[in-house]
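None of these values were measured; they are calculated from a predicted model.
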Amino acid sequence: MRADLLNDTVDGLDEALAAVDGFDEVLVDGLLRPGPAQAVGLAALAEAVAGSPLAGRVAEAAGKTAAGAAGEDHFVALAAARTALLGSVHDALVQRAEEAVGRARDGESGTAAAEGGEHAVNLLVAARSWLCDLARAGWHGIDHEVIAGAAPVVSAMLPDPALRRLATLLDGFAAELAASCPGAALEHVPVRRWADLWSRALLLTLPGAASAPAAGEATGRLLPLGVDVQEHATAVQAQVHAVFEPADGGTPRLVRASVSAPKPDTVVGAGLWQMLRPHLSLLAAVSEGRAMELDAMPLTGEGDLLWDDARARAGEPAEAFATARVALPVAAAFATAPLDRHPARIAVPVLLEGYTVEEDEGKVVFRFADGRLAVDTDRVPAAGPLTPEVVASSGACVGLLRWDAGEFLLQPLAVERTVRKKSVAVHAGAWAGGTADKAGVRAEKAATDAVKVLRERAGKLLRK
């Protein structure tokens, strides 16, 4: 890997992000009566997309908004401009990351949408209206009355599977805003995050925007690389990154398979796997170091496997580092759908070797001959044997290249280190399918006990 490329400046990146930040600040005080500073932020956004097909609409929207006369279509245009800028940042960073690791990307756009029926237009209009009311109020102007406007819209959307994606986003966004009310008393506003949620939700109210990329089928061998675990107080998700080798001898592809589950906030650490195992047999294969044989497994245009246990069976042993050394360098990535092009979504699988480990202000850094790469050990889950200390003693690492706070970071998924003169692999997902490790067994037992108590209490409440 060429670490020097990851540390070089990307042309136009700072300017694009500055335009996004300027617009995000406009939303803080709201657009009901924009002030001079907000007019500057709006004009900068319009200028940033002046050379694009959005130029005319965004210029008109910025002018109308600065004058306090914006309609819903103008807010949609501004959200589209912001999303396009972040999409350009995403594309530039992904291109730089893949240049650094020497990997090709699929030339297909991945934007073809699956056919679907017309959704309830009135519900989309109602959602758009609420989001525009939010923009007028601004984050400092939110109160419970404004936030309450989302509840009937979400309730009406949830029964329709085609609208559930937007409904879930609106529900979570409204809950987060409600927990921060009143906005006038906020000492710190998560400016980028709330602007991300607002603009994404607003664009999803456009008919057809939520259509899934066209799905195909995957038949062949799946070689797991590692598991990325995302944990929330009441939910957990595991995403398996893997290389798929088509049975027809086609180009190997980088794919993902994900599973999510609700959980009580008392279930943490290795106990999380109990919530996930019943829904994804692939986790057992990851834990055992095995490949999976797939037969017509649904696969989206972005490289996500829509997992069906009936279409998969356990295959031969397949060690992740062997996969990373042999199959990963020739595997091609799928293109990213337009609305998913965001720097926060960047996760490029890589194999790193030949580095030395340093510590910089308490953080682990991999030093190469031509540069350095910071390691995001905060992303190492507590649900496995991989720890920051183990990462710091490694000599090889399979991980995900991410971008955060203005720099590329590495999220470790597995490492190799020398123990008693032998090379030993340690995986973040080693306990995914079960474990005999003492620490893992204790955590699993504690989680089992917690779930048992909660089920007993729930049963008593239901009987009442």
Side-chain angles (χ1 to χ4, degrees), residues 1-10 13-14 17 21 93 96-97 100-101 187-193 225-233 236-239 241 265 268-272 320-321 324 343-419 423-431 437 439-440 442-443:
M1 188 189 77
R2 290 191 55 188
D4 60 316
L5 289 177
L6 299 179
N7 295 312
D8 283 350
T9 301
V10 177
L13 186 72
D14 291 342
L17 290 174
D21 289 340
L93 290 171
R96 177 60 58 86
V101 300
E187 294 183 4
H188 170 71
V189 177
V191 178
R192 173 68 66 82
R193 173 176 172 79
L225 291 167
V227 186
D228 175 22
V229 180
Q230 303 288 337
E231 182 182 357
H232 187 270
V236 61
Q237 180 189 65
Q239 185 174 71
H241 290 261
D265 57 7
V268 296
L272 299 175
F321 278 91
R345 287 287 303 263
I346 294 174
V348 180
V350 294
L351 168 66
L352 302 180
E353 297 181 286
Y355 56 81
T356 57
V357 181
E358 302 175 354
E359 285 202 20
D360 183 6
E361 298 181 355
K363 295 183 178 181
V364 177
V365 176
F366 288 170
R367 175 70 66 177
F368 299 86
D370 58 354
R372 63 190 292 280
L373 179 62
V375 181
D376 190 354
T377 53
D378 290 339
R379 285 184 178 263
V380 176
L386 189 63
T387 65
E389 292 74 23
V390 171
V391 174
S393 65
S394 67
C397 179
V398 172
L400 301 174
L401 265 184
R402 295 190 178 274
W403 192 83
D404 188 28
E407 66 174 337
F408 280 102
L409 301 171
L410 178 73
Q411 175 189 346
L413 299 180
V415 301
E416 277 186 340
R417 63 175 184 159
T418 301
V419 178
S423 180
V424 177
V426 183
H427 299 262
W431 299 346
D437 183 280
R442 285 196 300 270

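- Of all heavy-atom pairs between Ala414 and Leu386, the closest is N-CD2, 4.2 Å.
- Ser394 and Val415 make their closest contact through CB-CB, 3.6 Å (heavy atoms, listed as atom of the first residue, atom of the second, distance).
- Residue pairs meeting the salt bridge (Lys or Arg N to Asp or Glu O under 4.0 Å) criterion with at least one member in residues 392-414, sequence neighbours excluded, are Asp228-Arg402.
- Aromatic ring pairs are classed by plane angle as parallel below 30°, tilted from 30° to 60° and perpendicular above 60°; the pair Tyr355 and Phe368 is perpendicular.
- At least one side-chain heavy atom of Leu13 sits less than 4.5 Å from a side-chain heavy atom of Leu93.
- Counting heavy atoms from C-beta outward, Pro349 and Leu400 have side chains that approach closer than 4.5 Å.
- Using a cut-off of 4.0 Å between Lys/Arg side-chain N and Asp/Glu carboxylate O, Asp376 and Lys363 are scored as not salt-bridged.
- Taking 4.5 Å as the limit, every side-chain heavy atom of Ile346 sits out of range of all side-chain heavy atoms of Leu401.
- Using a 4.5 Å cut-off on side-chain heavy atoms (C-beta onward), Leu409 and Trp403 make no contact.
- Arg417 contributes no side-chain N or O that, together with a main-chain N or O of Val426, makes up a donor-acceptor pair within less than 3.5 Å.
- Here the closest heavy-atom approach between residue Val398 and residue Ala324 is recorded as CG2-CB, 3.7 Å.
- Here the side chains of Val375 and Val380 are not in contact, with every heavy-atom distance at 4.5 Å or above.
- Summarising the geometry, atom CD belonging to Glu416 is positioned 12.0 Å from atom CG belonging to Leu352; distances are rounded to the nearest 0.5 Å.
- Considering CZ of Arg379 and CG of Leu413, their distance stands at 10.5 Å, rounded to 0.5 Å.
- For the residue pair His241 / Gln239, a side-chain donor-acceptor distance below 3.5 Å is found, with atom types taken as modelled.
- With a 4.5 Å cut-off on side-chain heavy atoms, Asp360 and Arg372 count as touching.
- When all heavy atoms of Val348 and Ala97 are compared, the pair lying nearest together is CG2-CB, 4.2 Å.
- Here the closest heavy-atom approach between residue Leu6 and residue Arg96 is recorded as CD2-O, 4.4 Å.
- Of all heavy-atom pairs spanning Val364 and Ala392, the tightest one is CG2-CB, 4.3 Å.
- Atom CG of Leu272 sits about 11.5 Å away from atom CH2 of Trp431, to the nearest 0.5 Å.
- Here the OG1 atom belonging to Thr377 is positioned 10.5 Å from the CG atom belonging to Leu410, to the nearest 0.5 angstrom.
- Asn7 contributes atom CG, which lies 8.5 Å from atom CG of Asp370 (distance to the nearest 0.5 angstrom).
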